[in-house]
Undergrad: 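If you scroll down you'll find the structure; I have some questions about it.
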2 protein chains.
Amino acid sequence: MAARALDWTDATCPVARTLDLVGDRWSLLVIRDAMDGARSFTEFQRRTGIARNILTDRLGKLTAHGLLAQRTAASGRRQEYVLTDAGRDLFPVILTLRQWGERHAFAPGEPHSTLVDQHGIQVPEIALTGADGTPLNTDTTHVRKTA
Amino acid sequence: MAARALDWTDATCPVARTLDLVGDRWSLLVIRDAMDGARSFTEFQRRTGIARNILTDRLGKLTAHGLLAQRTAASGRRQEYVLTDAGRDLFPVILTLRQWGERHAFAPGEPHSTLVDQHGIQVPEIALTGADGTPLNTDTTHVRKTA
DNA sequence: CCGATTAGTAGCAAATTGCAACCAATTTGA
DNA sequence: TCAAATTGGTTGCAATTTGCTACTAATCGG
């Protein structure tokens, strides 16, 4: 695996750096499936439908960038891919992508998978609020460069 | 612009549908810049560094999918691209991508842009909590198919 | 009216992706 | 216990996507 020699699309922007790492057609779907229990090459391939050589590449890159790790499976001698802390920390990204899709990419009544908590209760729509309780959105925030 | 004939990567998963719409190398950076005030073709090109023909394609697709709209600029007769409600609603996605990047894609002390509110105060890290106050993460949630 | 800027298009080369076949090692099951 | 199936890839090639460098037509500013 090529050592990390990333030259960032936009080195000062955290959004751009994150997208350099996971902003392709497949990486976030691999992360999604890892969050939902996928561990093996074949299982990732089956769930995503990704081409096998591309999957090889993505698993390698995600591992090289510290989002996945390879370890020996408990039951025997096979290897498996598991999320690292950094990989698990993408949960808010996956959740917000999910909730946007539910709101804007499905017709009313069209069926789709949902995210539920331990009790099987559907996860509520998250509302972003700032320290003072005001909602966070494009009107109430802006980017300050290179703080 | 080809009429909408999307065949989804995974039609039942809202995450996958969202990524089908914005999960390429550039779309979310265009959205990011639109949120931060970019309106014109040239301005998007300058901020992202995207190739001009690809930018043409992405602006067209985002417009076709209802994330951007073209309207006549206030000051004259030129056209400009503005976010629709659906486009603005990607704010939580951009914010969570930003915060993940801040946590995992920068060395400690390395400078980067930050998001601030109206008072110039830095937006705090968002913490996802469920209805009962328990934190939402990969351990406390799971996907239920085709609810 | 002239030069600069805007908003693209066109052509082509390079890089990425996807498909299908192949392969070695491991696991399963009769 | 031995054959068949499964796993986890790799390889080669074709198709698609991307990026670069012109080029153009319309507009804007002075």
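Everything numeric here is computed off the predicted structure, so don't read it as measured data. The chains referred to below are lettered A, B, ... by the order of the sequence lines, with proteins before strands, and numbering in each begins at 1.
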Undergrad: Given atom CD1 of I54(A) and atom C1' of dT17(D), what is their separation to the nearest angstrom?
TA: 12 Å
Undergrad: Under 4.0 Å between a side-chain N/O of W26(B) and OP1 or OP2 of dG19(D), yes or no?
TA: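 Indeed, a polar side-chain atom of W26(B) lies that close.
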Undergrad: With distance as the sole criterion, do the side chain of N53(A) and the base of dG18(C) form a donor-acceptor contact below 3.5 Å?
TA: yes
Undergrad: CZ of R46(B) versus P of dG8(C): gap in Å, rounded?
TA: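 Between P of dG8(C) and CZ of R46(B): 17 Å.
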Undergrad: Heavy atoms from C-beta onward define the side chain here; which of dA7(C), dG9(D), dG8(D) lies closest to that of S40(B)?
TA: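 Per side-chain heavy atoms of S40(B), the pick is dA7(C).
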Undergrad: Does R17(A) come within less than 4.0 Å of E102(B), counting only side-chain N to carboxylate O?
TA: no
Undergrad: Do the ring planes of Y81(B) and F44(B) sit parallel (below 30°), tilted (30 to 60°) or perpendicular (above 60°)?
TA: perpendicular
Undergrad: For the pair made of CZ in R25(B) and P in dT16(C), what is the distance, rounded to whole Å?
TA: 9 Å
Undergrad: Touch check for Y81(A), heavy atoms < 4.0 angstrom, all strands: base, sugar-phosphate only, or nothing?
TA: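 Sugar-phosphate, no base atom in range.
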Undergrad: Among dG8(C), dC19(C), dT6(C), find the nucleotide with the atom closest to the side chain of A51(A).
TA: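 Taking heavy atoms from C-beta onward, the closest nucleotide is dC19(C).
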Undergrad: Given atom CG of D7(A) and atom P of dG19(D), what is their separation to the nearest angstrom?
TA: 13 Å
Undergrad: Atom CG of D20(A) and atom C1' of dT18(D): how far apart are they, to the nearest Å?
TA: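 After rounding, the gap between these two atoms is 15 Å.
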Undergrad: Hydrogens and angles aside, do D20(A) and T9(A) bring a side-chain donor and acceptor to less than 3.5 Å of each other?
TA: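 T9(A) and D20(A) do have a side-chain donor-acceptor pair below 3.5 Å.
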Undergrad: Specify the separation, in whole Å, of atom CD of Q45(B) and atom P of dC20(D).
TA: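 So the two atoms are 10 Å apart, to the nearest Å.
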Undergrad: Let me know, please, whether R78(A) or D24(A) comes out on the 5' side of the other along DNA chain C by nearest nucleotide.
TA: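 Comparing both residues, the 5'-ward one is D24(A).
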Undergrad: Quick one: L55(B) CG to dT17(D) P, roughly how many Å, whole number?
TA: 18 Å
Undergrad: Can you tell me if the side-chain N/O atoms of T42(B) get under 4.0 Å from OP1 or OP2 in dA7(C)?
TA: yes
Undergrad: Under 3.5 Å, is there a donor-acceptor pair between the D89(A) and H104(B) side chains?
TA: yes
Undergrad: Distance check needed: dG9(D) C1' versus L59(A) CG, whole Å only.
TA: 11 Å
Undergrad: Determine whether the side chains of T146(B) and T12(B) contain a donor N or O and an acceptor N or O closer than 3.5 Å.
TA: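 No, because no side-chain N or O of T146(B) sits under 3.5 Å from a partner of the opposite role on T12(B).
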Undergrad: Reading DNA chain D from 5' onward, which residue's closest nucleotide shows up sooner: R52(B) or R58(B)?
TA: R58(B)
